[in-house]
Amino acid sequence: MKKAFLKIFVTLFCVITAAPWIAWGSVKLFAPEKFSGYSEDLSENRNLAVVNKEALWSSGDSVSAYIDDHAPFRSALIIFYQKIDSKAELAYSKTVSYVSGIFSKDESTKTQVTDLSSFYGDSSSVSVPVISVPTEPVKEHVHEYSVSDEKLPDCENDGYRLYTCNGCGDYYTETLEKSGHDGVLSLESTASYTTYGFKEYVCRTCKKTYRTDIEPKLADTSYLAPRSVGEGILFGKHDWLFYTGNNSVAYYKGTNLLDDETLAEYAAKTNRLNELCKERGIKLYLLFCPNKEQVYSEYMPSYEVETDYKRTQRLVDYINENTDVPAVYPIEELKAADFYWQTYYKYDTHWNRTGAFIGLMALYKAMGKETVNPIELNGEYVPAMLDLCFALGGLDPSNYAQDREFLFEYKPELTVDGVDIAKNVCRLTSGSDNDERFVMLGDSFRSLMLEYIGRDYANATVIHRDYMSSVKKDIQNCDILVMEAVERYDARTFKAMDTVIEYLESVEE
Amino acid sequence: MVFSSLLFLICFLPACLLLYYLVKLIFKDDAKKQLTAENAVLLFFSIVFYGFGGIRYLLLMFSVIIINWVGGFLCAPGRHTEKSRKIGLIATVILNLGFLFFFKYFNLFIGMIENLFFSDAKAALSSVFLSKGNGALGFKEVVLPIGISFYIFQALSYVIDVYRGNAGLQGNILKFALYISFFPQLIAGPIVQYKDVERQISERSESAELFSEGIIRFSYGLGKKVLIANTLGKAVDSIWELDVASIGAGLAWFGAIAYSLQIYYDFSGYSDMAIGLGKMFGFNFRENFNLPYMSESVREFWRRWHISLSSWFREYVYIPLGGSRCSNAKLYRNIFIVFLLTGIWHGANQTFLVWGVIYGILLILDRAFLGKLLSANPVKAINRLLTFLVVTVLWVVFRADDIFLAGSFIKSMFSRKTGDYTVMSFLSAKVILAFVAGVILSGFFFRKKEDRGLMKLSVPRCAFAIVLLLVSMLFLVNGTYNPFIYFQF
């Protein structure tokens, strides 16, 4: 082999090993704008390694870690790697789905659509007022009827005319037929694996929007082998991503049912806490936010689900049957709402702001508080706020379509202070005229309810349950106490109860 | 420090190369000074390399160096009486083995005593097969210094070679220190016998050809480790993390074969890097692997796997015991002893002992009749398949944390159950590519004569080496990505 070529080869090798620092330094010195471009923050949310001088005698690991975290062009290289890696893994996933699709039957059975309004009471019908009839017999009498009350019909509701006899009080009603909507077709959707079928109209008369010809989503029964990547990010169907941490798959499969002993233990603790709460005039509620896998099971890869009556539903039923404390598990509401808006993020394990609102309304219903049917609210679509699956899975977001969520315009006349979804302890204040003191102890699912809770209570304390010690007084002096937990953290609510019990026991009368 | 880290690749290695060739240039007119300076550079960097694991382990290695250097003087022919020489040899060997036993096997020894005598009688008999004790005696765990098995064996090789007169006494302690501590082979071999390297410490020549061979070797080794071994390793580790009872036959076999590939590419990759690095500084080390998975018998396997270790045992244990020039009974005894020791050398766990002993038995059978049977078989592919299966099943024993887990895993391999997890769940584009590349390059299907092809310099090989180097470095950089999700889950 030619000596010259070999010398070049050797030089190239030395350049590759030695040059990174030189190049890095040069870029830093001579092209600082480019330098910041190459140092993009990877949102690792941790402190980069520092050299531990005292520990150097026992190990040089901190130096190695320091070099690892400060390697030249590190961010640019990691982003480049993730781009290519995501593309390769995506191509692989698509190939596997395609191949396994060939070998599976495609019975496109349909999923279900439940009417969301059914959860909020039938606000469409108007009851005809009943007027008590005097019991005195009346002698021969000729009725003279005139209109005493009238409600005009509109598009959806019948009206009535109440005729009452001026003399004796006898009455009869005449139903005024509803006119029906004068709808203009504004949106049409065909049922598919990811969309419902419906026709949406806007009424020229009453300006309401309504949907007809409703068809559920097609059920995708193709086989997709479960495959996860990174820190437990599971590839779902149609580009949905799920988080498998905290044993979520067992919750989904229904393989981690609680035994009777544990259920009894939980109920007993709940009762104990409720006793203490009642002594202090605190109303206690439990909220279990469904795991995304349960609400969007149509996008989960192919697992064998052992039972449909799973752990959390059993737990909630048990608590409701064996204690006075209302336990809420709004899975049906969240599924029903999906017809109108997606209620969980596509690329994150949390419910989105739509889902958070639905969940909160379900809680209010159990509290006996007034609820708002979200269909009646205005709002707009905004880009999705959370997409932690990308970072956890080392995936490149540019391979995925942008996710979005529907932001409700809820009580826009009020402003709320203290909303910060990243803070562990939030004290909210607003101009709401409800002065009940509200406290919620929960986890990350509480964060997107903040905006709404703030508008319903003048003073609300919403915290992560690991930080109870800083709001001890709030807990001891509140009127409403909600213990929230996402399904996969159900045990933590009961663990937290120990602390709350301790706080309430320690208050001097 | 490890070769497959950014610290080594872009800090340590370029600095060492730069300084080495700088002093070569500075002293080019005085060959003696040049050699001293070169050796000094290498020794300095080797000390830094090993010192990264902790200063106290560096001091331990210094003690071993001094003991053996002095031992050399006691054993060298012509300096003392035969009796004193023998005593000197025995003393040095005992000290070396004593160090090795204490640092490597003390924990296991105490653990077995605890399990046998300090736990309840029922558990005692089965728990003696566990590698960890129950802490009853309250000893603090002795940390195993990295590379101790390798450099103690190299030290033993020196004193024995000097005693026998196969190598000259090394009067220069710095040269001797370089032999023991030279960073390419310090941590993971190959085990270099003193007589093979004796001359090269005092006289060697670097050249662009040798350096280029070194680069190719090093890059191939790095690629094997980072791209194939590490990728398969992640999949294998996640399979071993599962509850063994839930692993079905298909997944168990996939895990076993993937581990066979992982350990081969990891170890042979590291050896390639060591040999490549040696060449960059003018050293020629012996091959350590020669496509072991194309072996057609277990006997052939041990001529192709971890060659430097089996050579060491042959040279310093097998042949002194009589080797094969004795009665059959003695031959079988020698084989058994060598493989018992081979197993023990690998680690302080009963799994390694069982692993070694089974190989010992298989090799005895091979000598007795199995070998003839296999060579009589015209369909060599069957021999290759059988050997690979045996080797793979034994790797399971090697990998398991204790022999009970090994037994359960092997049971899963030969059961008919489907298990809770499918193989598909552990596959990804990268794992499949690594697996396929691993199988093809292992020589199982394409029986090449030797793995020497890598030695030949050619433009495509050089280009591929550069590509491997760059891709491996990219993978290593990505490996540092470690996000912390603040959003309190």
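Chain naming here is simple, since letters A, B, ... match the order of the sequence lines and numbering starts at 1 in each. The structure presented is a predicted model; accordingly, all values stated were derived computationally and were not measured.
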### Leading residue by heavy atom contact count with chain A [cutoff under 4.5 Å; candidates Leu17(B), Ile466(B), Leu13(B)]
Ile466(B)
#### Entry: Structural part of Pro301(A) lying under 4.5 Å from a heavy atom of chain B
neither
### Query
Are Phe45(B) and Phe183(B) close enough that their ring centers fall under 6.0 Å?
no
### Query
Considering only heavy atoms, which portion of Leu6(B) lies under 4.5 Å from any heavy atom of chain A: side chain, backbone, both, or neither?
both
Enumerate, atom names and distances included, each donor-acceptor pair closer than 3.5 Å involving a side-chain atom of residues 226-234 of chain B, sequence neighbours excluded.
{"residue": "Asn230(B)", "atom": "OD1", "partner": "Lys225(B)", "partner atom": "NZ", "Å": "3.1"}
{"residue": "Thr231(B)", "atom": "OG1", "partner": "Leu227(B)", "partner atom": "O", "Å": "2.6"}

## Note on the structure
Cut-off 4.5 Å, heavy atoms of chain B, and the answer for Pro226(A) is both
### Query
Between Arg465(A) and Glu484(A), is there a salt bridge with N-O shorter than 4.0 Å?
no
### Part of Phe218(B) within contact of chain A (heavy atom distance under 4.5 Å)
side chain
### Message
Taking side chain as everything from C-beta outward and backbone as N, CA, C, O, which of these in Leu18(B) sits under 4.5 Å from a heavy atom of chain A? Side chain, backbone, both or neither.
### Response
neither
### Message
Which atoms of Met1(B) are under 4.5 Å from chain A, going by heavy atoms: the side chain, the backbone, both sets, or neither?
### Response
neither
### Task
Below 4.5 Å from any heavy atom of chain A, which atoms of Ile10(B) appear? Answer side chain, backbone, both or neither.
both
### Query
Below 4.0 angstrom, N of the basic side chain to O of the carboxylate: do Arg227(A) and Glu89(A) qualify?
yes
### Summary
Highest number of heavy-atom pairs under 4.5 Å with chain A among Ala429(B), Gly54(B), Ser219(B), Ala463(B) belongs to Ala429(B)
### Query
Under a 4.5 Å heavy-atom cut-off, does chain A meet the side chain of Leu427(B), its backbone, both or neither?
both
### Task
Indicate yes or no: does Glu304(A) engage Lys253(A) in a salt bridge with an N to O separation below 4.0 Å.
no
### Message
Does the structure place the NZ or CZ of Arg461(B) under 6.0 Å from the centre of the six-membered ring of Phe464(B), at an angle of no more than 45° from the ring's axis?
### Response
no
### Query
Parallel, tilted or perpendicular for Phe3(B) and Tyr270(B), by the 30°/60° rule?
parallel
#### Entry: chain B contact via Phe80(A) - side chain, backbone, both or neither, heavy atoms under 4.5 Å
side chain
